[in-house]
Amino acid sequence: MNSIPRPLPSLASDYLTFVLSTNNLLNLRQLQQIHAQLLTNGRLSSTPLLTTFLTSYYRTHKTNHYPLLFLRNLPKPNNPFLWNSMVQLSLESENWLDFLGFYNGLRENYLFPNKSLVSLIFRACSGLCATHLGESFRCQLLKMGILFDVVLQTGLVDFYAKVGDMRSAEKVFEEMTGRDVVANNVMLSGFTKHGLVKEARRLFDSMQERDSCSWNSMITCYCKLGQIDSARLMFDRSPVKDVVSWNAIIDGYCKMGQLMNAEELFVRMGSVKNSVTWNTMIAGYVQSREFGRAMRAFLQMQAENVKPTEVTMVSLLSACAHLGAIDMGEWVHAYIRSKDFKVDVVLGNALIDMYCKCGSIEAALDVFHGLTVKNIFCWNSVIVGLGMHGYGEAAVNAFIAMEKENLKPDEVTFVGLLSGCSHSGLVSAGRRYFSHMSSVYGIQPGIEHYGCMVDLLGRAGLLQEALDVIKTMPMKANSVVWGALLRACRVHKDTKFIEQVTQYLLELETNDEGNYVVLSNLYASLNRWDDVNFCRKLVTERGVRKTPGCSSIEVDNLVHEFVAGDPSRPEFSQFDVFSDEIQEKLKGHGHEPDKASFLHDIDEVEKESII
DNA sequence: ATAGGGTTAG
């Protein structure tokens, strides 16, 4: 169908209906031809037909450009139904910018949105957290003389609650006459979202009629505040338990790390389970670092014929990122493509993060550039990823590009940017961005940012400056910050500050095993064996447990874990040979193992091999 | 109106 033959007027209607029903993507030329057809024959331009045409165009092309052009060129006055359906369609597909375009077009024609649309628009304003838009919209409605009934007032309550203006929300709610269950539930969920459990409970207790939504709101409210036992009480008391109730309480247990309780309910649910239930459980496993169980749950989900969703994929990708399982990650990516899942910002970000953490910055960038919509999470992941892989300058450039897109950097952006500068030795850039944080962007540096600066200066050998940062920063240094300085001391073989760090370890009862080890090794390299023993005694006294070094590799979609000094694997001897090869290669590249600061009580040859 | 997903310093 490269060109559409000009049909006879009597056939046009059928013909157009046929063309539109084939569900093919129409190109611009074809559309213009249909457009011409519709305009030249006034009889054909019936509102239903035009509506079908525009909606099918918008559904397939997902851009409001042509439909807007089309509508603007229609002879006046326009039929309000046409504009209303386009506004509604863009709202339903959550394309806010398209919505604004259509809504403005509607107003340009002095038309009013119909009533169901009005509440939809309020919901959209809530979704966008567009305070000004919602306000101006409310004023417009008043001017238009649209009556505020319970439905509209409820929409308004929802709007105020979502943008965080609880006082206005409560005011509208109090002034409402004839509140129904929905109105009460909207107010209830407003309280719930802001963790206002007392207010929520008071309203809940005063309600004469309660449906499952009311009970579920209370369950989620208690879960959100970590009061899992109160949530469970609500769940048990509810006479109208539905899937949502079960899912809410299971999620509550997962968030508390109580997988046993979550699983018990999960099993007890039987066949009521839906995809959200499975996603909740899988996400729970991932959050508790039970990646293998997450994967098994995914397989079981498929075995029970429950369709995995985009949310399932996000959890699986997160598991891959933690495991460094690139093969499995690529498999998930292929699965996403084969199922035609919609790669939105969240899923896109999960892919970017997975590829970064699995070592493939190129694949991460591919995904990033392929996204039509990028938000702060996506940019942050890319900036963090580039910095992590030693591309500090690229991270800085990404930061600049992000600003050009008019996105405001947040505190995570600066963590990524500063650590990127640190890994690439970009001292002056790091200093500049650190000072710009508060002066230009109005973000107060947190302990992470001071930590980055200590690391940046420490790596560059500016140890005194690094210590000055620790001394002058507005918060107490934690083990990460001291760890950065400690490692810098080791790398630069500078022991000036070693006493201060030891003092810190004595003062702050930290259980951070790594710092004790580094400190002990530092003393060992100085042959200060008394201090080494002191460190070791400290570790024992404080009950700090040294987790054995552990790494994992992935072969044929199976993740193999290796624990340091554990020869129980049958392949162990082969790995030994392989490890020898790597050592030789490293030496060829001029790498020297840092023997001095390690395990003083074993002989030189063995020492080298272990390091 | 109610349930599930993403980025953070050594």
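Only heavy atoms go into these numbers, but all of them, side chains included; no hydrogens, no water, no symmetry mates. If you're wondering where the values come from, they're calculated on a predicted model, not measured in any experiment. Letters A, B, ... mirror the listed sequences (proteins, then strands); counts begin at 1.
- Residue A:Asp410 is out of contact with every strand shown, counting any heavy-atom pair closer than 4.0 Å.
- The interatomic distance linking A:Lys255 (NZ) with B:dG5 (P) rounds to 4 Å, in whole Å.
- If you check distances only, the side chain of A:Asn375 does reach the base of B:dG6 with a donor-acceptor pair under 3.5 Å.
- Residues A:Phe298 and A:Trp278 keep their aromatic ring centres 6.0 Å or farther apart.
- OP1 or OP2 of B:dG5 has at least one side-chain nitrogen or oxygen of A:Gln287 nearer than 4.0 Å.
- With rounding to whole Å, A:Met281 atom CE is found 12 Å from B:dG4 atom C1'.
- With sequence neighbours left out, A:Ala183 forms a side chain to side chain contact (heavy atoms under 4.5 Å, CB included) with A:Thr154, A:Met176, A:Arg179, A:Asp180.
- Looking at residues 266-276 of chain A, you'll see A:Asn274, A:Val276 sit with a heavy atom under 4.0 Å from some atom of DNA chain B.
- Scanning for side chain to side chain contact (heavy atoms under 4.5 Å, CB included) contacts around A:Ala200 gives A:Leu188, A:Phe191, A:Met218, A:Cys221, with sequence neighbours left out.
- As a whole-Å value, the separation of A:Asp344 CG from B:dT7 P is 14 Å.
- You'll find a donor-acceptor pair under 3.5 Å spanning the side chain of A:Thr309 and the base of B:dG4, going by distance alone.
- Each side-chain hydrogen bond (donor to acceptor under 3.5 Å, both in side chains) pair with one or both residues in residues 222-231 of chain A, not counting sequence neighbours, appears once here: A:Arg201-A:Tyr222.
- Contact check, A:Lys357 against B:dT7: no side-chain N or O comes under 4.0 Å of OP1 or OP2.
- Under the rule for a side chain to side chain contact (heavy atoms under 4.5 Å, CB included), the partners of A:His423 that lie at least two apart in sequence or sit in another chain are A:Ser419, A:Arg459.
- Sequence neighbours left out, the pairs with a member in residues 275-297 of chain A that pass salt bridge (charged side-chain N to carboxylate O under 4.0 Å, His left out) are A:Glu263-A:Arg293, A:Glu290-A:Arg293.
- Contact between the side-chain N/O atoms of A:His423 and the OP1/OP2 oxygens of B:dA9 is not found at any separation under 4.0 Å.
- Residues that satisfy the side chain to side chain contact (heavy atoms under 4.5 Å, CB included) test with A:Asp344, not counting sequence neighbours, are A:Val346, A:Leu347.
- Residues of residues 443-458 of chain A that place a heavy atom closer than 4.0 Å to DNA chain B, in numerical order, are A:Ile447, A:Glu448, A:Gly451, A:Cys452, A:Asp455.
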Can you give each donor-acceptor pair under 3.5 Å made by side-chain atoms of residues 429-438 of chain A, sequence neighbours left out, with the distance rounded to 0.1 Å?
residue  : atom : partner  : partner atom : Å
A:Arg431 : NH2  : A:Glu465 : OE1          : 2.5
A:Arg431 : NH2  : A:Glu465 : OE2          : 2.7
A:Ser435 : OG   : A:Arg432 : O            : 3.0

